[in-house]
2 protein chains.
Amino acid sequence: MVSGANSRKYSETMIKRAKGVTISQVADAAGVARSSVSRAFTRPDMLSPETVDRILKAAETLGYVPNHTARALSTGRHGNIGLIVPDIANPFFPPLIQAGQLEADRSDFCIFLGNTEENPKQEDKLVGRFAGQVEGIVLVSSRLSDERIRAHAAQLPLVLINRDVDGIPRVLIDSSSGVRQAVEHLAELGHRKIVYVSGPANSWSNKQRRTAIRSAASGLKVDIETVPAVLASYTSGRNAVSAILATGATAAVAFDDLTAQGVLAGLAEKKVSVPGDFSLIGCDDVLGAVTYPALTSVSNRSVEAGRVAVSLLIEMLQSNGIRDARYVLQTHLVMRETTMALGYRGP
Amino acid sequence: MVSGANSRKYSETMIKRAKGVTISQVADAAGVARSSVSRAFTRPDMLSPETVDRILKAAETLGYVPNHTARALSTGRHGNIGLIVPDIANPFFPPLIQAGQLEADRSDFCIFLGNTEENPKQEDKLVGRFAGQVEGIVLVSSRLSDERIRAHAAQLPLVLINRDVDGIPRVLIDSSSGVRQAVEHLAELGHRKIVYVSGPANSWSNKQRRTAIRSAASGLKVDIETVPAVLASYTSGRNAVSAILATGATAAVAFDDLTAQGVLAGLAEKKVSVPGDFSLIGCDDVLGAVTYPALTSVSNRSVEAGRVAVSLLIEMLQSNGIRDARYVLQTHLVMRETTMALGYRGP
DNA sequence: ACTTGACATGCAACCGGTTGCATGGAAATC
DNA sequence: GATTTCCATGCAACCGGTTGCATGTCAAGT
């Protein structure tokens, strides 16, 4: 045991990675053919128990580990599935990712995660890059055009989350049910003019929510105005506040909780009290009660979405068929403390 | 153009993935040997420009895409690097991941992201699984034992973030500088008893912060008590509040911002006003000004950490050497609104 | 005109597994 | 005891590229 700086110098040059114990070496050691070693690992039932034993023992002592790449090359299977999201930093996605990972694990698949930063080019690139190394891809809230998605789907099994492309298996979180409840709730509280703070232009969810709000409002004598927040982020929300107030609305529904949180901050900054002067509802319910005041929001089903999408993909892989599945998950309003009757001034 | 349900039935069975245009087919089409096709892509300078042209054209029309797996098998290189984090849902990590991804991109590497859910077993498994498909791994805030880390480092290039294992390249965010400032700040405000709300037991950062607080306090006539929060999360922080108050302390430093946010909520629940009655400081500054009141926190350097770790790894891969590098990134206190002089009662 | 060298290209082995088919010996059948 | 059947194992081709070396060609050098 040499210690400290001296020994370190040696370790720099001496570390040699324990490279490549191959199937042939194991075969030699066990006195069998390479194919038998292969079978000992993949189809032990084909061999006599003693042979399997001998091979496994030899493999063990040599420290043999099957080479994933070689195996993938000959079988065409690598046991990985890709999961691509637009923005890991958005709290909507991590629970979805975790759920997907868990589900993949159950079938011994491994998740490769990609982050596109909301950039379609990056998304395209990532899909291409993943294509060779995964057996299928789950595209979450894709920002790609329908054509690109179709093109990719022609190359490898694809499942979409929150994107509705005909003929491609997809899992949709239907926020319209929850959004409808939100509008009804605000209408009941007496609000007659509501702003929708919209999200990314090419987001399917955004389109869906905007439509749902309009349709809900049309039956309720409620006016809707849309104010764009560009991105789904705190800053975007905060910047949108002036425009929101300029409409004269008394309540807002934001594209997501992050945006809502930004709006909340912007309102506080302008001394507009929530919910006293202004009511606010988010979407996705990712911030739960951690804002102040606790944000009323539309529930999300991201965990189920992740789980279902992955299991759907795995099912496709195993049955080798394409199912034109279309799962829809309903949502509802989660009431907290950012909404109040118009003109109400405390107890 | 047949529409709707009918055509769908066909598409189910008819879709055949455009599988496997190989190098041989391109070679035939272009009238050259397989090796020339290979060279046209990897070392075009070895071929005459016209030949390259012809081959590329043939490849283009056939829709040839080099098979990543096959290439990896013969070269031993796959151009991927693994990045493993304990919890994507923790806002500390996404910026780090993004920065790493960006840096990897610059050298045309692709990041495979793994999430361990704070579980060492899962981490071990993930490293093993990645080992065959990536050229190196960045382990962020590893929860593994030193031995396991060393064992893995013997198998493939490894860079650590926020983990200090001798002989293994590592990038450390030194929160002690910032934490020291935090304690000094609280001491100046008159606080004489401070609680450290600790984080995960096997977290290097946690150990570092606890030590730094103790050492900073010892020179300042300040008492430190430690209250465990078990996990780095909102809930853990919130649950720790009773214990925190029971110590009689007037201020706390939390392991991270998430924990601090939980503490903030717990205090509000118990009608303890912040900063009036109690001062609170977080770590990692991930929530910025989005809490209420805006959280004073110790800055993080996660973006640099991600960038440096990845570039370090790539450097190792290219030079094929192991550098016993140890980058340390300093931090500082970011003042906001959750600290106040003891006994101060407003202007 | 003949050697020399440079350069473009082809040949074939190799990366490390998997798998269809052949083979040989033991057990089962008649 | 001869024939059939079955099972364990080996052989060799294959997955789709890469790469060291050999070969052939053509231009420059003498």
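Residue numbering restarts at 1 for every chain, and letters A, B, ... go by the order of the sequence lines. Just so it is clear, the values below take in all heavy atoms, side chains as well, and ignore hydrogens, waters and symmetry mates.
Contact annotation for Tyr64(A): backbone-only contact, meaning every heavy-atom pair under 4.0 Å involves sugar-phosphate atoms and none involves a base. Using a 4.0 Å heavy-atom cutoff across all strands shown, Ser24(B) reaches no nucleic acid atom at all. Heavy atoms of Ser48(B) sit under 4.0 angstrom from primed sugar atoms or phosphate atoms, though from no base atom. Counting any heavy atom pair closer than 4.0 Å across all strands shown, Thr69(B) reaches no nucleic acid atom. Residue-level contact check: Val32(A) touches the backbone only, with heavy atoms under 4.0 Å from sugar-phosphate atoms and none from bases. Counting any heavy atom pair closer than 4.0 Å across all strands shown, Ser38(B) reaches a base atom.
A 4.5 Å side-chain heavy-atom check between Asp146(B) and Arg150(B) finds at least one atom pair inside the cut-off. Residues Leu160(B) and Val165(B) are in side-chain contact: their nearest non-hydrogen atoms beyond the backbone lie under 4.5 Å apart. With contacts defined as side-chain heavy-atom distances shorter than 4.5 Å, the pair Val127(B)/Gln155(B) does not qualify.
More than 12 non-hydrogen atoms from other residues, nucleotides or ligands lie less than 6.0 angstrom from CD of Gln318(B).
Proximity of a side-chain donor or acceptor of Glu135(B) to a complementary backbone N or O of His78(B) within less than 3.5 Å is detected.
Both Ser35(A) and Arg43(B) sit near DNA chain D, but only Ser35(A) has its closest nucleotide nearer the 5' end. Each of Arg34(B) and Gly31(B) was matched to the nucleotide of DNA chain C holding its nearest heavy atom; the match closer to the 5' end belongs to Gly31(B). The residue among Val37(A) and Met46(A) whose nearest nucleotide of DNA chain C is located toward the 5' end is Val37(A).
The nearest whole Å value for the distance from the CD atom in Glu50(B) to the P atom in dC7(C) is 15 Å.
Comparing the axis of the opening five pairs of the helix from dA1(C)-dT30(D) to dC30(C)-dG1(D) with that of the closing five pairs yields an angle of 50°, rounded to 10°.
Nucleotides of DNA chain D with any atom under 4.0 Å from a heavy atom of chain A span, from 5' to 3', dA8(D) to dG16(D).
Aromatic ring pairs are classed by plane angle as parallel below 30°, tilted from 30° to 60° and perpendicular above 60°; the pair Phe112(A) and Phe130(B) is perpendicular.
Ion pair Arg170(B)/Asp324(B) flagged as a salt bridge, since at least one NZ, NE, NH1 or NH2 atom sits closer than 4.0 Å to an Asp/Glu carboxylate oxygen. Ion pair Glu304(B)/Arg307(B) not flagged as a salt bridge, since none of the NZ, NE, NH1 or NH2 atoms sits closer than 4.0 Å to an Asp/Glu carboxylate oxygen.
Taking OG of Ser311(B) as the reference point, atom CG of Leu102(B) lies at 12.0 Å (rounded to 0.5 Å).
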